[in-house]
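Note that ligands are numbered from 1 as they come in the structure, with each ligand's atoms numbered from 1 the same way. Atoms considered below: every heavy atom in the structure, side chains included; atoms not considered: hydrogens, waters and symmetry mates.
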Amino acid sequence: MIIKEDIIFKRSKKGKRAFNLPEQEDNSALFEKFSDEIKDFVSEEEPKLPELSEVDVIRHFIRLSNMNYNVDLGFYPLGSCTMKYNPKINEVVAALPGFRHIHPLQPDHTVQGALRLMYELSQFLAEISGMDSVTLEPAAGAHGELTGIKIIKKYHETRGEKRKYILVPDSAHGTNPASTTLAGYIAKTIKSNNLGMIDIKELEKNLNEEVAGLMVTNPNTLGIFEREIKEIAELVHKVGGLMYMDGANLNALLGYIRPGDIGFDVIHFNLHKTFSTPHGGGGPGSGPVGVKAFLKDFLPGLLIEKINEHYIRKETGKNSIGKVLAFFGHFAVMVKAYTYIRMIGKEHIKSVSENAVLNANYLKQLLKEAGYEIPYDSIPMHEFVATGAPIKKKYGIRTLDIAKRLLDYGVHAPTIYFPLIVSEALMIEPTETENIETLEYFAQVMKKILDEAATNPEIVKTAPHNTPVKRLNDVYAVKNLKVKYEESEE
Ligand SMILES: *Cc1c(COP(=O)(O)O)cnc(C)c1O
């Protein structure tokens, strides 16, 4: 069944209500007491809200949710985004009244459980990453990057050094150069070698005393682990630069490699990817930042300390970069990540990365057998990148067409046209929570689409056909942005 649903205003009928309130008293006397400044803000017109009954409202939103693809519905191999299944126990724990009904301004002794959870989560993340201190404050991955780069900047500044550049490999996540720029540095691109790893010669050419640090997505966006990272870290440290790791892809390394042991000084985590919180469509996420001991003083906001079985919030020192978010970060996400880590346990945390890597390698092999080309074809970690370039050349079918056709078979599309170093890129991350049947189904569908490209290219070029909306004009909304509903529009 294809469900269609229009905007809620179209269901509106004058006088319909989903609630009953007592008659309103005459409050004009109260209004007169307001100052003129406040009166200026009061609208003379009634707000133009849709009028509906409860059942109308529920059906509207349920229908909308059914028009949407989601990770609880099926396979979602969106490269880099780690769209793994999020266990529902996380939601149960996050909704416990003791977590849900507390306020950030409550005194420490009334929120000991919450503080303990934050304290222990920081400890887990420090142990997992090989770092010494962790702040839970940043709101998401990119926000963690900005926080981490600001820490690096403050570190150099307190040493009286003005450095200009952060080096960023061309295989980095797109947010990396953006965050460095926002923090006031110039992002300088380092080219990859033909194995898809940082080219050490290129790196050496760009290393000097003006370099504040190197920011590495590891594994990088090709899903490849930077094998020469220890040597790279030595080179960067030699000129006084620091090593930043974008740890959003930590599901590839959990339990096997600790970034702090291989030369990194700063890392951010994506709790909403690696540690299973629903994400996409804007959050909320959580992007904690871990640092080595010599950078602890620069951490933002508050840290939790444990003194005689008692947990307290403590301001960071005078070198702190200052707060990066109101209060203490996104607490509910922390509860979910904590639950996930405790549920898996220290002994089994390795199984996360083992399954992530096994699934990616198996799926890569299946796609190769199905006829897809993998340009940087080494052993990938948690994801790999195929190219649709030969298919485009042979049949005029673009990667975008393949992505759209996948929707007809009930599968979410992979990330496409990223990373930029692969033309017609299909960036595929199966994640650790998928079973073998799902991987094989996906490979079968990909093969089928390739067959269609040869025998019936039109059906691929005009896909999707089975979805609530068909092929959309991707840029129309951007070029004709309209967020207000006008009643005259029918
Ligand atoms: C998702 C991701 C980010 C950004 O994280 P957000 O939470 O979306 O801001 C950064 N780096 C990598 C490698 C990522 O996959």
Could you list which atoms of ligand 1 come closer than 4.0 Å to a heavy atom of [X]?
X: A142; answer: 4 (C), 5 (O), 6 (P), 9 (O)
X: E145; answer: 10 (C), 11 (N)
X: T217; answer: 13 (C)

Nearest-option assignment for atom 8 (O) of ligand 1, heavy atoms, candidates H173, H272, H279: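 It is H272 that holds the nearest heavy atom.
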Side chain, backbone, both or neither: N270 near ligand 1, heavy atoms under 4.0 Å: side chain
A248, portion touching ligand 1 at heavy-atom distance under 4.0 Å: side chain
Do [X] and [Y] have side-chain atoms, one donor and one acceptor, less than 3.5 Å apart?
X: N90; Y: S276; answer: yes
X: N86; Y: T277; answer: no
X: T82; Y: E429; answer: yes
X: Y119; Y: E305; answer: no
X: Y85; Y: E434; answer: no

Give me the residue, atom name and distance of the protein heavy atom closest to [atom].
atom: atom 11 (N) of ligand 1; value: D246 OD2, 2.5 Å
atom: atom 6 (P) of ligand 1; value: G141 N, 3.5 Å
atom: atom 1 (C) of ligand 1; value: K273 NZ, 1.4 Å

Plane angle bin for Y340 and F275 - parallel if under 30°, tilted between 30 and 60°, otherwise perpendicular: perpendicular
Any H143 heavy atom less than 4.0 Å from ligand 1: no
Closest approach of R163 to V211 (non-hydrogen atoms, all atoms of both residues): NH1-O, 2.7 Å
Under 3.5 Å: N/O of S80 near N/O of ligand 1: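 Looking only at distances, the answer is yes, because the N/O contact criterion of under 3.5 Å is met.
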Within 6.0 Å of CD in E315, more than 12 heavy atoms from elsewhere: no
